[in-house]
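Remarks on the structure that follows.
Every chain is numbered from 1 and lettered A, B, ... according to where its sequence line falls, protein lines coming before strand lines.
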Number of protein chains: 2
Amino acid sequence: MSSVNLKQLAQALDLSVSTVSRALNDSYEISAATKEKVQLLATQLGYQPNPYASSLRRQQSKTVGVIIPEVANNFFSLAINGIEEVARQNGYHVLIYLTHENFAQEQTIVQHLANGRVDGILISVSGETQDAAHFAKLRELNLPTVFFDRVCEQTDTASITTDDYDSGYRATHHLLERGCRRIMHLTLAQHLSIGQKRMQGYLDALRDADVAFDPALLVRGGHGSDHNTALVQQLLEQDPSIDGIFAAVESLAIAGYRACQATGRRIPADIKIIGFSNLEMADLLNPSLTTIRQPAYAIGREAATILFQGLMKNRPILTSQSQELKSELVVRASTGGLG
Amino acid sequence: MSSVNLKQLAQALDLSVSTVSRALNDSYEISAATKEKVQLLATQLGYQPNPYASSLRRQQSKTVGVIIPEVANNFFSLAINGIEEVARQNGYHVLIYLTHENFAQEQTIVQHLANGRVDGILISVSGETQDAAHFAKLRELNLPTVFFDRVCEQTDTASITTDDYDSGYRATHHLLERGCRRIMHLTLAQHLSIGQKRMQGYLDALRDADVAFDPALLVRGGHGSDHNTALVQQLLEQDPSIDGIFAAVESLAIAGYRACQATGRRIPADIKIIGFSNLEMADLLNPSLTTIRQPAYAIGREAATILFQGLMKNRPILTSQSQELKSELVVRASTGGLG
DNA sequence: TTTATTCACGGAAACGATTGCGAAACAGAC
DNA sequence: GTCTGTTTCGCAATCGTTTCCGTGAATAAA
């Protein structure tokens, strides 16, 4: 800890602690002359207020918690990037917690954050989460929360999402357009609204194209990329008619690539792949991957901005502040595009 | 904040605050019966100690700061993964700060962490950093610090690195073996020890192979992938004799790919590329990328472990606790390997 | 019965900052 | 000279925990 505190400053200046405190906080009650003296010595001695004393007294920590499933993932790391930037601009600190897509961990983390350690929470829900009781507690405690990307719809607060239904529809439509008829759908979060919306887009696109939906083509991924690759591979081996893969998350698109490699399916000749992804080098893959690119950085920025606006103005976060950003379909070689 | 505090518990139980506190901390001074009663009510009411009051009194925050250049980068995000895991196991919280390779930001962040907000710091130095004065202050304040990957050698504390010299040597040797003679070296942190070691490996490998070193083949990357691509592209256009690229960081390997694309150089026929990288899908690139893969997750874990050992036992972090982990050369198509 | 000793707990002072309130000091107005 | 008002500052309470010390009662030792 920085060893110098208010008391020492006060003694050195022959002033009271309260005067020094007010001088440093630029209170109107303190004369300009005193303020100057105090601030001079404070900078000379490198005084920094003890954040814990300050937080205790003020009942606010100038800290937000970010809860995400993973960090080794381009989407989430870009989002963190945006969050951290806004946080710094507003003088806030960022605590980070990873759930590893594990519901129990998410519960524990949320509970631990309910003790005043953070002034607000930004969260992207774990793929396993079905119950929203732990989030309800946050509302009870009046702890401002903003969801991003992976939303819990039962909790009424703001959320930043992308046009998941549209994206799912467009992705599927794109595959259909390219001649696919037996399209596998890979998802991680089937019961999360994000997964359902993407899937609904998939279903509606199929229906609009008069292509029958086959539940057998639905694959729910789990943990571990090897496991997921095996799942896809198995299905590919069982069903030679499959000619398209729509991966609702990046890791599953990769699993799709590997599974195709393993089973000798050529992309895009035999099978076409499209996936949600924020890979900067999706165009350098072999073949380059057609993607739905989410504005991950902007999502982080927006979510954080809404949270901080609420915190600064001491207003509750309203559902009406939610935003839906647009994702972008980038056609590349994996669906027979250029490149 | 969780609204229930010690005083309320004490009143409800007709006990004193100190007794309740001790009961919850399992003090030997409290009878088993009382402990049970207290703990029962505490869990019933969902009591959670106020972390700021506790930190203030105990003079420790149970929080560590992690300072890294970027998070949207597989190496750092994997390292964070390791750090967060160890932190959670030890009951610590993780504050995250990004420097964006900016020295001034690094200084500011380090200064702000010198106020007792964190009990320790894990840091990977920004590429711009040359001065170590801000780190010296940390030692003065006795704030335990562990460097990982990007080390500041002037500061005497533990650091977790990889065998950068060897890796640089092996990477270069590999290119030479594959017939390259005009090897470009791309680096971000030329004055950091990590950059120097990798470059020294490069130089020594050249010397051992009796290949002349041409300073013109040294490219120091900057910010922005477009900028870096342009740099490489320019050099490639100027000098058609270049037949190899050794990228000391992942982003520069990507820049190399793009530059080759732009200039029509075929990989690996015309030019071969090797790069430090933790891309999970390096094998899916076109062509698959020969990499030096660092054990990023393990680096994070080790660095955090050393820090927490020091914190828990209240011992200073010693330089002798430093570790050097081994990187792995994975040969792929970009240097003419299989795949 | 008296004296130590242990046990179980309460009082109160910390930790360092913020802030409501009061009180000197000084000015100007009457 | 008194009164009111402003400026500038100090006192002390407060945030919620932890912990040093003290104390009454019970038990053991003499």
- Donor-acceptor contact below 3.5 Å, side chain A/D119 vs main chain A/V64: no

Using a heavy-atom cut-off of under 4.0 Å over every strand shown, decide if [X] touches base, sugar-phosphate, or nothing.
| X | answer |
| --- | --- |
| B/S21 | base |
| A/S27 | nothing |
| A/T34 | sugar-phosphate |
| B/L6 | base |

Rounded off to whole Å, could you give me the [atom1]-to-[atom2] distance for the [X] and [N] pair?
| X | N | atom1 | atom2 | result |
| --- | --- | --- | --- | --- |
| A/L56 | D/dT14 | CG | P | 14 Å |
| B/Q8 | D/dG16 | CD | P | 8 Å |
| B/K7 | D/dT18 | NZ | P | 15 Å |
| B/N5 | D/dG16 | CG | C1' | 7 Å |
| B/K62 | D/dT17 | NZ | P | 17 Å |
| A/L13 | D/dC9 | CG | P | 11 Å |
| B/Y28 | D/dT19 | OH | C1' | 11 Å |
| A/R117 | D/dT17 | CZ | C1' | 14 Å |

- Note on the structure: Only residue of B/R150, B/H191, B/H134, B/E106 satisfying side chain to side chain donor-acceptor pair (under 3.5 Å) with B/T129 is B/E106

- Tell me, do A/E70 and B/N81 make a side-chain contact under 4.5 Å, heavy atoms counted?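 The answer is yes, as the side chains (C-beta and beyond) meet within the 4.5 Å cut-off.
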
- Is the shortest heavy-atom distance from the side chain of A/F135 to the side chain of A/T145 under 4.5 Å?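 The answer is no; the side chains never approach within 4.5 Å.
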
- Residue pair A/Y297 / A/E85, side-chain donor-acceptor N/O under 3.5 Å: yes

- Query: Closest nucleotide of DNA chain D for B/T19 versus for B/A53: which of these residues is on the 5' side?
  - Reply: B/A53

- Message: Let me confirm one number: the OG-CD1 distance from A/S126 to A/I67, rounded to the nearest 0.5 Å.
- Response: 11.0 Å

- Gap between atom CD1 of A/I317 and atom OG1 of A/T157 - 0.5 Å precision: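 Taking OG1 in A/T157 and CD1 in A/I317, the distance rounds to 5.5 Å.
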
- Message: Quick check on DNA chain C: between B/S16 and A/S54, whose nearest nucleotide comes earlier from the 5' end?
- Response: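 Looking at DNA chain C, the more 5' nearest nucleotide goes with B/S16.
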
- A/E29 or B/I30: which one's nearest nucleotide on DNA chain C is closer to the 5' end?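 Final value for this comparison: B/I30.
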
Given the structure, check if the side chain of [X] and the base of [N] hold any donor-acceptor pair shorter than 3.5 Å.
| X | N | answer |
| --- | --- | --- |
| A/Q59 | D/dC15 | no |
| A/S18 | D/dC9 | no |
| A/R22 | D/dG10 | yes |

- Identify the 5'-most and 3'-most nucleotides of DNA chain C with at least one atom closer than 4.0 Å to a non-hydrogen atom of chain B. C/dA8 to C/dG16

- Item | Mutual orientation of the aromatic rings belonging to A/Y92 and A/F308 [parallel < 30°, tilted 30-60°, perpendicular > 60°] |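 Aromatic pair A/Y92/A/F308 classed tilted.
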
- Message: D/dT18, OP1 or OP2 - any side-chain N/O from B/R58 closer than 4.0 Å?
- Response: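 It does, given that an N or O in the side chain of B/R58 lies less than 4.0 Å from OP1 or OP2 of D/dT18.
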
